[in-house]
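Take a look at the structure set out below.
For the single chain, residues carry numbers from 1 onward in sequence order.
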Amino acid sequence: MIELATGALVGIIIGSVVGGLIFGFVIGYTIVKKMVSKQMEENPPITEDQIRSMYAQMGRKPSEQQIRQIMNNFKRKNRENNR
């Protein structure tokens, strides 16, 4: 059996723990980022009804084209921010 000095053994243990923590953070970050992106896509922070309501509060009646344009802008910005 190979005998290791105490310092080498402690170094191996600390290196393994630090390496495991870094690996865990990277994997955790990746999983959480994908989950949040999926949730934002399925449940956007603003809906078409909310846009209509905002226009109504300003005393305007938006066209469907304006609503779709605003929704597409939100989706595009969301995709850009998630890259």
Are there over 12 heavy-atom neighbours, none belonging to F74, within less than 6.0 Å of that residue's CZ?
no

Taking E42 for its side chain and Q39 for its backbone only, find out whether a donor-acceptor pair lies under 3.5 Å.
no

Measure the spacing between CD of Q69 and CD1 of I51 and express it to the nearest 0.5 Å.
10.5 Å

With a 4.5 Å cut-off on side-chain heavy-atom distances among I, L, V, M, F, W and Y, is there a chain of contacts connecting M58 to I46?
yes

Separation of I70 CD1 from Q50 CD (nearest 0.5 Å)
12.0 Å

Atom pair CD1 (I67) and OG1 (T47), whose distance is rounded to the nearest 0.5 Å
10.0 Å

Donor-acceptor pair, distance only, cut-off 3.5 Å: does the side chain of S37 make one with the backbone of K33?
yes

Heavy-atom side-chain contact between K77 and N73 under 4.5 Å:
no

To the nearest 0.5 Å, what is the distance between CG on L9 and CD1 on I14?
10.0 Å

Any chain of hydrophobic side-chain contacts (each under 4.5 Å) joining V18 to V10?
yes

Answer whether the closest heavy-atom distance between the side chains of Q66 and M71 falls below 4.5 Å.
no

Nearest 0.5 Å, please: how far is CE in M54 from CZ in R60?
11.0 Å

For M35, look at atom CE and say whether over 12 heavy atoms of other residues, nucleotides or ligands are found less than 6.0 Å away.
no

